[in-house]
Every structure is written in structure tokens, then in C-alpha cells.
Amino acid sequence: MTATYTASEMMAVAASRALADRQVCFVGIGLPSTACNLARATHAPHLVLIYESGCIGAKPTRLPLSIGDGELADTSDTVVPVPEIFNYWLQAGRIDIGFLGAAQIDRRGNLNSTVIGDYDHPAVRLPGAGGAPEIASAAREVYVMIRQSPRTFVDRLDFRTSVGFGDGPGDRERLGLRGGGPKKVITDLGILEPDPETAELVLTHLHPGVEVDAARDATGWDLRIAPDLARTEPPDAGELAQLRRLEATQPTQKKGDA
Amino acid sequence: MTATYTASEMMAVAASRALADRQVCFVGIGLPSTACNLARATHAPHLVLIYESGCIGAKPTRLPLSIGDGELADTSDTVVPVPEIFNYWLQAGRIDIGFLGAAQIDRRGNLNSTVIGDYDHPAVRLPGAGGAPEIASAAREVYVMIRQSPRTFVDRLDFRTSVGFGDGPGDRERLGLRGGGPKKVITDLGILEPDPETAELVLTHLHPGVEVDAARDATGWDLRIAPDLARTEPPDAGELAQLRRLEATQPTQKKGDA
Amino acid sequence: MAEIMGLAEAVAAVVRDGDTVAMEGFTHLIPHAAGHELIRQGRRDLTLVRLTPDVLADQLIGSGVVRKLVFGWGGNPGVGSLHRFRDAFQHGWPVPLELDEHSHAGLVNRYVAGASGLPFAVLRGYAGTGLEGRVGHYRPITCPFTGERLAAVAAINPDAAVVHAQRADRDGNVQIWGIVGVQKEAVLASSRSLVTVEEVVDRLDPVPGAIVLPTWAVTAVAVAPGGAHPSYTAGYSERDNDFYVAWDAVSRDRDAFRAWIDTHVLHADGAGVPA
Amino acid sequence: MAEIMGLAEAVAAVVRDGDTVAMEGFTHLIPHAAGHELIRQGRRDLTLVRLTPDVLADQLIGSGVVRKLVFGWGGNPGVGSLHRFRDAFQHGWPVPLELDEHSHAGLVNRYVAGASGLPFAVLRGYAGTGLEGRVGHYRPITCPFTGERLAAVAAINPDAAVVHAQRADRDGNVQIWGIVGVQKEAVLASSRSLVTVEEVVDRLDPVPGAIVLPTWAVTAVAVAPGGAHPSYTAGYSERDNDFYVAWDAVSRDRDAFRAWIDTHVLHADGAGVPA
């Protein structure tokens, strides 16, 4: 009998599974924190969590509401100044997995968190870059967690805040971006991964209960489907229990916040 | 009745008097430390001592044997990493007085602490630059403490480790050196100060018991003498007592070490 | 040497209309009390430099204090967007807001250059992003050794830095611990600085992870207990998460916002106690 | 994750002949025990990077371990010059010594660039000094914003960093306090690192002023109580000032030096106890 779970919970579980023990992760609040802490509570107890507030090796017992939560600092191996976290720890290539969200993503995994519409007179002014461009640039791998809809999966970004694969194969190298770029895009419908030859996102997994047409309809470009398209395993009882235990630690956090 | 005192003691006292309370001083071991701590014990109790080991606001009770002495760290307001002491505290222009010594000095207050003789095959290989070039460059004022003899006061340096006034007026500006350069050269014979128009060191004070010819003979160039050449006041009883109390705290330190 | 003075006097001494003012605190130690004093004093035309504009920035912007925002990421984390920020930028209410946006890495390195007495800093960034070509603080630079193309960002040297810290001693030495953010750099990069503190003590006992700003590197210190609220001060207070959630509704509407400011800022004393 | 191993094994694992090895400690925490193990293992052709070559550097140079010295200032502070250093440089004994000298500010910024993943750093320096035009690690650079001429120094990324610290926990996280010098940068700039520690403890209790190197940023940890002697380790030992003074006579003469090394290093165990 399958347990019921939300799309956000599936996203968190899928991301958690994609993490290996002892990996070093650069994390923001919301689903990435949930996924990382779920991994820590299940198969990856030595996962290293780094928050751009300067917390290295945070081990929170509650999901953080902000990246500067006191518990992150209190449980960290060390807290360093913000220039150091960016220069010594992110830029120098010490991050295995960088998590990002965005308002828009394109087929090459480039991200927009700056504006919807025109830059100078936007329809919506978004929060802006924050740590994202350098996470996108420097992390060995980037995992993007984002809802999939024609509003988010767009053919052309209104603004390129962070570089995925840029304009195509070789563009990251040409731009001098030393990290590997987006290696997984985890959505409420499935998982996409880049085709190494074309640097284009390809749907490789569909979550349980989601059909291919739904994914195509939710994508603003002609979505490529992997020939060996697979089905994500649903969350198992253990994962769900841990996840819900974690979610209960932070009742004010909007569920499904990405 | 005049007390007897050594030339080194006169140098320490002369330097101490040149410091004003609350000034921020970048200090090395030896005579500069002695002078600064004498000032702290007499007229400048709030003098701020900074050591390039990272110690800010050191208040030692014993003269330090090294710039990384435990007591410097223990008594400091804070200890910062060495990159920070150079970048945030020295380079950014927060140092009022920088103390320097050297093996050779020329008429423009340029200093050599690198080699005697040819660079690749020196007669004597000296310690090298250390913090000196940037102290010489950035401190609002530099005080040089150095014995005066034809061996040290040379017409032409064997190597220019640190810039005083370079090749003449305007050279510091041309080189982009933002500090004021050497404003006092304190020797065992007297005190020299730069002529603001020619940027050349001029003898302004003779220590007690020293005559002008001795100073000229000890200088490898045609030493300029100030028209209003003055006599340094000898150490008074209070200064000497404090100085000797300090010197007694560090018996292993070579007396007169500059 | 830092002078210890009352909050109103300190703010007036350190911040002038038209100044570029850095107000830093990365989730932690956000200088709300000082910010509210800026509002009470009716300051105008400030360029606010803040890595992470937040509720405090929203209050300053909505009160007409700020004409330009230099920032990296603006929002109410975990809650939503900043309504006063959007209103000012998109509709010019109450005064037009100019934006100078950055990546965090870009802005922190501008502070580092400013604190280091350098005119620029170097980092890996900006290439291939939309900010390239749009912002004046970035230019490409080539490594003189490897030929590699990197990013140069211009130093930032604000007129004033305003931060909150745990405590100062009676000489004005300041001690900050917990998430220290970019406050040291902001203070050292600025011509003048105001540090609000929870308390003044006889002696700054050493604390793990603490940084100390010597009194001679700070302009003014003012006591403001709870001065970070709704942000927090490690060792003294907790983050008021409910406040941040409630701010969304308060700030969504111009009138509700103005009423809140009127009650909680304009007619409150320096301790934030409404009249 | 840092592996905790015996000193000999750790040195063999982290340092290879021909490596560029950073051995840092600014008067404090100088890694003598590790250095002596390098001598015992007969290592050769190392490029030693050390801001302040000192007695340890003298011992390594005099033992023929070092073929090139990258440094800022070399001497025995308060005592005199380094005789083995001079002998090697001026007379090629026991092996020729090449010098690559810097100002301290230049070398520390090379480490900062190395730790930051950048190919160069910028500082104010070198202009008008004799090192200008003589050293390959410096080139002039122009600020893209102001046109100001500054100094660029090439990043340094040693093959190995060897440092001494107070302690590590059983996972290999390292804690350093007191005068922390440039050790963090040296470790982070290097491909491999060895940290010798006074002890391994269950838990790293927070200490004021301490920095922590996470285990995953360190290659190997080895216990070496008194591992900084004659330098000191804050909280564990005092500087052996007499040793530094006595070193002058010991090292002045080649035979006296060799005899000392034979007794105190070659025939001593990892704890420096002569046979």
C-alpha cells in the first residue's frame, strides 16, 4: 500500500537520495535544507552542511527558518566571516553539491532569480542573485530544486542570474566557470539531467503518478525525454517518517517552499 | 648631576618621546618595542601596539623576545590572522607610526635589509624584507632606529628593500606610496628628519656628548645639518628608571638590539 | 577612540543625509534600533548598502529614508518578497528607489577591498550573467600571470557603517560573536561607524568565535538593548520568527505600513517601546 | 577526511621528494617535530615555503632537505642570522640553496590567492623596491576602475602544507588558537596537508580565538606532543628562549651542527628524545 505524500515531500526525498555521505553541500533554506537534513538523518550521517552565513558543518535538529539561524551557528564545526565562506570555501572549489532554486529555468539550466519582465521596468522584481551565481559557477555539481510549470520552465529567461550551461557545450569552459554545472534538476514532476553532449536538460525520471505529457505540458520548450525514462521510487516509510519528523520541527516554514 | 646611560637607552628614550598617547604603532622587537613600552609606561598609557604576528593592542609587562611572544597575544585586545594584519590594518592606512630598522640607510631614508654586496653573490646575506616594505609604504609616519656609522649610513644602498623618499621629492607619490615616509631617524648619535623640500635627511638633534663632526664622520654622504641644530635632552631619572625596569624584564635580549 | 553616547546623538553624529550607509548583519545582529532612529530623525537620500535587504531595509525604504539600494538579495526569507521595496522600485512610493544589485560574492569582496585600502578586488564571477555589462561596479580583468579572465569589483567605502554587537567595554572596544557576517569589513571600509550594543561592560571577557573592533577603529557606540529585534543577538535574544511572518501582512498595504511605523517607530522611544 | 596516523607515516604520505612544502607558524606553533621527521626520512629537493625561516628552516637547510627557499624574512629573531641558511646560499653547503624572496605582505597574499582559488592577489607593494623586476611572483597591475598602479602577486599552491596545532578530535577536525599566523591559508592553498597536534580529544570544546579546520579539509593528523619545541603551543608549552640563543653557537659550525642533528634528530624518536 502506498503512503500518501506531497509533491514537495517527493522532491525532498529525491534530492536526499542524490546525496552521498560525507559530501560537502552548500545549502539554502527551504527544500534544500530539508533534503540535506533528511539525508543526514538517513543514509548520510556525515553529510557536511555549509550555509552562506558562514556556518560550516551545521548539524541542526530543527529545520532552519533562515540561513543565519542561531542553531546553525551553535551546531557548526566553525563559523567564519562571510567573505571567507565565499572566497576560501566556495570559490576555491571545496563544495561538492550546491543547491539552487529560481523563479525561471531554461533548457540549459540557466536560472533567473532577478526579474520577471524587463530589467528596468519589471513586471515582478525578484530577490536577486544572492549567493546563486557563484554557487552555480563553483560547485562541483549543482542541484536545482524548482516547481515545474510553463511559468518556471521557460524557453527564454527574462534575465540570466546564474549560469547553468550558458549557450551550450563548451560555454562554461569559455566563461571560466570551474564547477560542473547543474547535474540534477529536481521538480514536483520528476528529475532532469543534462545531456553531456548537447548540455540540454533531459527528463530522466517521472515521479509516481506523473505522466510524460504532464511534464511536457509543464515545460515551455520542447522537452527531451530520456529513452530509458525511469520512475522515481516513491518515498519509503522510513524516509517519510524522518522527513515528517523534520518538517514538524519547523511548523512556520511554508511547506513546499523551494 | 647627569646619570649615565647607554647610547641605546638614549635612542629608546628619544623614540619614546616622539610618540603621542593613543597613537597606533606597528612595532618590531628590539629598540622599537622598548621605546613603545617605555612610552606606554610614561606619557602614553593608551599607546596602541600592533605586532605583525597579528596582535592588536598588546600590553606586555615584559619586553617581548619575539613578535609572536605568548604575552603579546595574551594581553592584546585581539589577535587576528597575519593576512588581516597586513591587509586591513597596515595597508588600509590605520597605522600612525611604523618602526623600522635596517642594515643600511641612504640620504633619502631608503633602507636595505636584504644584502650587503651583490644580490646574487652577496658579501652578507641579510634577513630580507619581512614586513618592512609595506610598513615603509603605508604608515602615516615611519621612525627608523639605526646605529649611525659609515657602514650603515651609506651614499648608495647595496639593495633597496624599503622605500623612504625614493629618488627624491614626488617619488613616493609617483610610486603610489600612501604613507608619509620616514619622519624621524633616531640613531646613537642624534636624530635626523627629512627636509620637506628636498626629501633629504637633515641632522636636527645631537645627543648629549656627541659633536657634529662625529655625526659627519659617521655618515657616508655629505650630511646636512639643520641651521637650528638642537641638543637632545638626556633621559631624565623617571624615564631611565622605567626603561631599566623594562630592560630587566628581558635579560636575554641583547642590549642595544635595533 | 569610540565615543559612547545615546542612540539619537550617535545616529545624528555618524549618519548624514545623502550618505552612503552600510547596515550589515547576516540574519543575525541586524541593526534595527539604529535603523528606527534614522526613521525618527527623518533622514533622507541615503544610499543603503546591505548584502541582504530584509524587513529593516523594507522599513527604511517605506519610510522614505533610502533613495538607492546597493544589495545582493532582497526578501523576507521563508516568508516572501519585500512589499515596500517593490513598491518603491516599481511605483516610486514614497520616493523613487534606484537599485545597484550584486551577487553576494561581488558585494562582500567590494567590502573587503574597501577595508583593505585597495580600489578593487578580484573574484570569479559575473561572467555570462545578466549583470555583466549592466553594473558599473564590475569590470573584467586579466590575470597578469596566467591570462585568465576574472572579475574585478570596485571597492566600496561607505560614509558610514551601522552595525549591532553584543557589547562594548567602557573604552569603546566592541565585541561581536556568533554569525559575524561582513560587519568587520563594513566598519573598516567606512569613514565613520556606529555600533549599537546590548550593554557596556567593564571588561570584554574572551568569547569563542568573537571578533573585537578596537575602540580607535570605531566612531561611536550606543547602548540599545534588544537593538536587533526582530533579528537576534547571540547570547542575548532569539530571532522573533513570528514578527517576520507577520511583517508580510503589515507591509503589504501602504496605510497598514505607515500605521505600524507610526506606532512602533515614530512614537516609540529608543528602546522601541510604543508610546 | 583527515586520517589520524603516526608521525612517520603521515610525513611519508603527505610530503614527497621534490615537493613544494609550506611549513608555517609565526613564532608560535612552528612544526619542528614534523620537520625533524623530514630530516630523519632523508627527504630531498624540497621547496620550502615559510614566511619567517628560522631555526627550523636552518635545520632543514643544513640537513640538505631544501633546495629552494620561498620566504619573507630569515633570521633568529633577537639572536642573529641563520648560519646554515647563509652557508647553503653563499657556499652551497650541503646543497645549493636557491632563494625566492618576498615581502611578508606579498607572500601572505600569495597564500590568500592560493586558498581562494584565484591565480593572483592584489596589494600595495613592491613598487620602487629592489624586488621589482627581480622576482617572478610580482607583476604590476592597473586598477580597471581608477587606473591606479598596484602590485599583483601570483597565487601559491604548495603540494603540501605542514603545520602544528593544539588538538584534533577523533574525526580529525583540527583546532588552532593563539597566534594563528597564516596556517589556515597555507593548508587551504595546498593539495595535501599534515597537521601535528599535541593531543587528540573526544570533543573540540570552543576556545576564544580558535579557528577550526574541518577534517575534510585536512589530509593527515599526527600526534606529536611538544611538536613545536623550541617554539611554543599556546595552552601547552612555553617558548624555549634559551634554545634559540644556544642555536647560534650550535649552528655556526658545520660539524657542531651535524653532531647536534645526529644526536637530537637522527637518533631521536618521534618525541625528540635522543637515543
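Any value given below was found using the heavy atoms of this structure, including those in side chains, with hydrogens, waters and symmetry copies removed. Letters A, B, ... mirror the listed sequences (proteins, then strands); counts begin at 1.
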I want to check something: taking the side chain as every heavy atom from C-beta on, are B/Trp89 and C/Pro214 in contact at a cut-off of under 4.5 Å? yes
Heavy-atom side-chain proximity of C/Trp216 to B/Ile56 below 4.5 angstrom: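 Side chain of C/Trp216 against side chain of B/Ile56, heavy atoms only: contact under 4.5 Å found.
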Among C/Leu213, C/Val112, C/Asn173, residue most engaged with chain B (heavy-atom pairs, under 4.5 Å):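 Heavy-atom pairs under 4.5 Å are most numerous for C/Val112.
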Sort out for me which of C/Thr215, C/Leu118, C/Leu188 touches chain B most, counting heavy-atom pairs under 4.5 Å. C/Leu188
What closest approach, in Å, do C/Lys184 and B/Val80 show between heavy atoms, and which atom pair accounts for it?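 Nearest pair, atom of C/Lys184 first, then B/Val80: NZ-CG1, 4.0 Å.
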Taking all atoms of both residues into account, what is the closest heavy-atom pair of C/Ala115 and B/Ala92, and its distance?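 For C/Ala115 versus B/Ala92, the nearest heavy atoms are O-CB, 3.3 Å.
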Are there more than 12 heavy atoms of other residues, nucleotides or ligands under 6.0 Å from atom [atom1] of [X]?
{"X": "B/Arg245", "atom1": "CZ", "answer": "yes"}
{"X": "C/Glu238", "atom1": "CD", "answer": "no"}
{"X": "C/Arg149", "atom1": "CZ", "answer": "no"}

Considering only heavy atoms, which portion of B/Arg94 lies under 4.5 Å from any heavy atom of chain C: side chain, backbone, both, or neither?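 For B/Arg94, backbone and side chain are both near chain C.
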Please classify the contact of B/Val79 with chain C as side chain, backbone, both or neither, using a heavy-atom distance under 4.5 Å. neither
Given that the side chain runs from C-beta out, which part of C/Ala210 has a heavy atom under 4.5 Å from chain B: side chain, backbone, both or neither? neither
Has the side chain of B/Gln91 got a donor or acceptor atom that lies under 3.5 Å from a matching backbone atom of C/Gly117?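 Between the backbone of C/Gly117 and the side chain of B/Gln91 there is no qualifying donor-acceptor contact (under 3.5 Å).
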